[in-house]
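Heads up, the thing below is written out as structure tokens.
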Amino acid sequence: MLCAATLVMSLGALKVSQRTQLVRVGYELSEATQTLRVLSEENRRLRLEKSMLSHPERIERFARERGLRSPAPGQLRVLPGEAVP
Amino acid sequence: VKPAALSDEPASPLTKWVRIRLWVTVFLLFSLFAFIARRAYELQVGEGDHYKKLAERQHLRTVEVPAPRGAIYDATGDELAVTAQVDSVFANPREVKNVGQTSRALAAILEVEVKTLESKLAAPRSFIWLKRQVSADKAERIRKLKLAGVSVTKEPKRYYALGTLAGPVLGFVSIDNEGLAGVERKLDAALTGRRAQLAAVRDASGGFVMAEADVGAQTGSSVTLTLDRSIQFIAERTLAESIKTHEAKAGVALVMRVGTGEILAMANYPSLDPNHPSAAKDARNRAVMDAYEIGSVMKIFTVAAALENGAVSPSTVIDVEGGRYKIGGKVIVDTNEDHDLTIGGVLKRSSNVGAYKIARKLGKEALHRGLLRYGFGRQTGIELPAERNGLINPPASWGETGLAAVSYGYNLTVTPIQVIASFAAVGSSGVYYPPRIVRQIRDASGMVTFELEPEGRRIMSEKVAGQLMPMLESVFEKGEKTGGTASSLKLNGFRAAGKSGTAHKVDAAGGYSPHAYMSSFIGLVPAEKPLIAILVIIDEPRGNEHYGALVAGPAFVQIAEETLKYLGVPLIPAAKPEPEPVVAPKKPTAVEMPPEEIAGAPLRSDRNRKFVPDFRGMGIAQVLDVAADHGLTVHVEGSGRAVSQTPAPGFNKDPGELRVVFGTKP
């Protein structure tokens, strides 16, 4: 009887321990998911910002403000090789 | 150890009674535990699912939130449309404790009327949006209020990085991220991901254990377009300038890659900002949604059909009757008073009489068949919504005046996208490539699910396409009496083959307006090996000019020159360069210099004089480069940009050593 009670109590303790661990992992998973979401969102936001800042109209305005102008025929040199992204 | 009551000694009546009570107690306890165990089994196993659902109904909140929509990129991989998460406020009215107080607290932050909020919060529902897509600041203020039954969640919102650039092409989405126009609508199924179920579980402290919006959501596919945002910008800026100059109502500019059908730019005026679509007025994608009587541009196809059919040859001479020809009760009038023109001359001088006489040699049926073969009268199939077919009436209904009208671009309507796609076939030796705007589609995992593979079909023979090219080049020939309609256009460093068009518009009374025009210009550049086709249409220019070459022509030239430079095509001296100045021009700038002088071609001399370029404004490397091209020895002083030079720009008998001073002021 005593042994049975001890066994039941041990199993109960194990169950509680597993349950606690499951909840803890659940929190960790939730936290990791949240971090991933925040970082992904930040990445999207930065890419959006980059795209807005490199608007051709803005770049052209800055170029003109700095005295740059469109090359005349013959001033354009096309170098061989692959384009650098 | 046995209890006394269970000893072997004879039981007394009292002991016996105790034993009975003991067994009864044991039985009762056992029965109780058995009942509890049975009930626990029933609750956990037998009816577990049922009670689990009941429990979840109490502590779980389920909200369906759109999945992040796939991004749209231009051909170079830059973002055109992206989705980012924003805050939205919702409520469970059943949990709201004080509707009036909650409404007043929220109204101040959300800028919504108290009555509206009260009405929402009093609804017998378990979920209702209070305000969607609010600023991060407002969302934070609401979170801090910790109002019962009120929550903030994230949901995706569409952003268009370039504002109005390509707005009508991209289209826009609803607040629920459903594509309503443009690419967003046409490719809605691909761009839309799998909607998420927001499962929010509260723990003992009131926080969320597992929750938030995109659990279970799957991002939509990303779409890469053929549009290049830099070329799109060139086209839109040039179109807008042209429309402003000519006080026009609207316009379209298209740039298409010859030999693939890829649309590099699709500019519309007026445009719209998809971030604020409701603010747009009269904006739509005219390139595919509008069909016009486009005028003389269609003479190209009349001539092509006649050459193909053998009705005429390039050497056929047409008597254009001095530019006036009577058909029935109507008179066809030309701008010029020409007499004998070759087939190329008809295009070059844009003779309506000539086009009609060519069409008459061809016949109505054959012209009709030709136009259908070139793709008119039906959709091109470009991946954009609401594309028009255009209209070509059956040839039996044309009559003689109808045939004349069709031959020079009236009595039929065509869309800009049809015109440029068919015209581009001339530049690709007669092979038609359907216009395309989607280059690639990738699913959320990055796997390519669609890749553009241009498939052409021959619509005219290589011979006819080859015959048309010099005819279309002659349109730019100079000369008041013999020059082409585009003789006023100056091509700076490249050759082009093109055609102008000027059409009267139909007025409200159903006749042709004497004052409202549709001015257009179409061309292929560079003419020696066409890379791109460009079409510019200006709707109702109200300035002093209305001829296609004068209104749309300059925009064509500007788009061509800037696009060729952008694509890295070296601009070369024209086949027939402008006469050289005998004396030094007044302060020639680098842009005004004869192209071959800068191009590094053999140095031309004028009476043994050397040409000294204007170096002012250039950097040191550029000065050294240009000087070397001209065989000049240069002495450099200072740093920055060239501010002065000796000798001065222009032709110089003995420039000696060139001295260029650099400084901070250009």
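What you see below is based on every heavy atom in this structure, not just the backbone, and it leaves out hydrogens, waters and symmetry mates. Protein chains get the first letters and strands the later ones, always in sequence-line order, with residue 1 at the start of each. This is a predicted model, so every value here is computed, not measured.
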**Asked** Is it the backbone or the side chain of A/Glu60 that comes under 4.5 Å from a heavy atom of chain B, or both, or neither?
**Response** side chain
**Prompt:** Hey, mind stepping through A/Met52 and B/Tyr159 against side chain to side chain contact (heavy atoms under 4.5 Å, CB included) and telling me if it holds?
**Reply:** CA-CA 10 Å; A/Met52 291 167 87; B/Tyr159 288 96; over 6 Å; no
**Request:** Identify the two heavy atoms, one from B/Thr83 and one from A/Arg44, that lie closest to each other, and give their separation to 0.1 Å.
**Result:** O-CD, 2.7 Å
**Asked** Between A/Ser54 and chain B, which part of the residue has a heavy atom less than 4.5 Å away: side chain, backbone, both or neither?
**Response** both
**Neighbour count >12 (heavy atoms, 6.0 Å) for atom NZ, B/Lys529** = no
**Request:** Sort B/Tyr73 into side chain, backbone, both or neither according to what part of it lies under 4.5 angstrom from a heavy atom of chain A.
**Result:** side chain
**Prompt:** With a 4.5 Å heavy-atom cut-off, do A/Glu57 and B/Leu162 have their side chains touching?
**Reply:** no
**Complete:** Minimal heavy-atom distance between B/Gly77 and A/Arg47, with the atoms involved, is O-NH2, 4.4 Å
**Request:** Could you tell me whether the side chain of A/Glu41 and the main chain of B/Gln85 form a donor-acceptor pair under 3.5 Å?
**Result:** yes
**Asked** Would you say A/Phe62 has more than 12 foreign heavy atoms packed within less than 6.0 Å of its CZ?
**Response** yes
**Request:** Please state whether the side chain, the backbone, both or neither of B/Thr76 comes within less than 4.5 Å of a heavy atom of chain A.
**Result:** neither
**Item:** Interchain contact, A/Leu53 with chain B, by part (heavy-atom threshold 4.5 Å)
**Value:** neither
**Prompt:** Given that the side chain runs from C-beta out, which part of B/Ile234 has a heavy atom under 4.5 Å from chain A: side chain, backbone, both or neither?
**Reply:** neither
**Asked** Take atom CD in B/Glu241; do more than 12 heavy atoms of anything else shown fall under 6.0 Å from it?
**Response** yes
**Complete:** Closest heavy-atom pair, B/Arg237 versus A/Arg64, reported as atoms and distance to 0.1 Å, is NH1-NH2, 4.5 Å
**For B/Glu79 against A/Ser51, the heavy-atom pair lying closest together** = O-OG, 2.6 Å
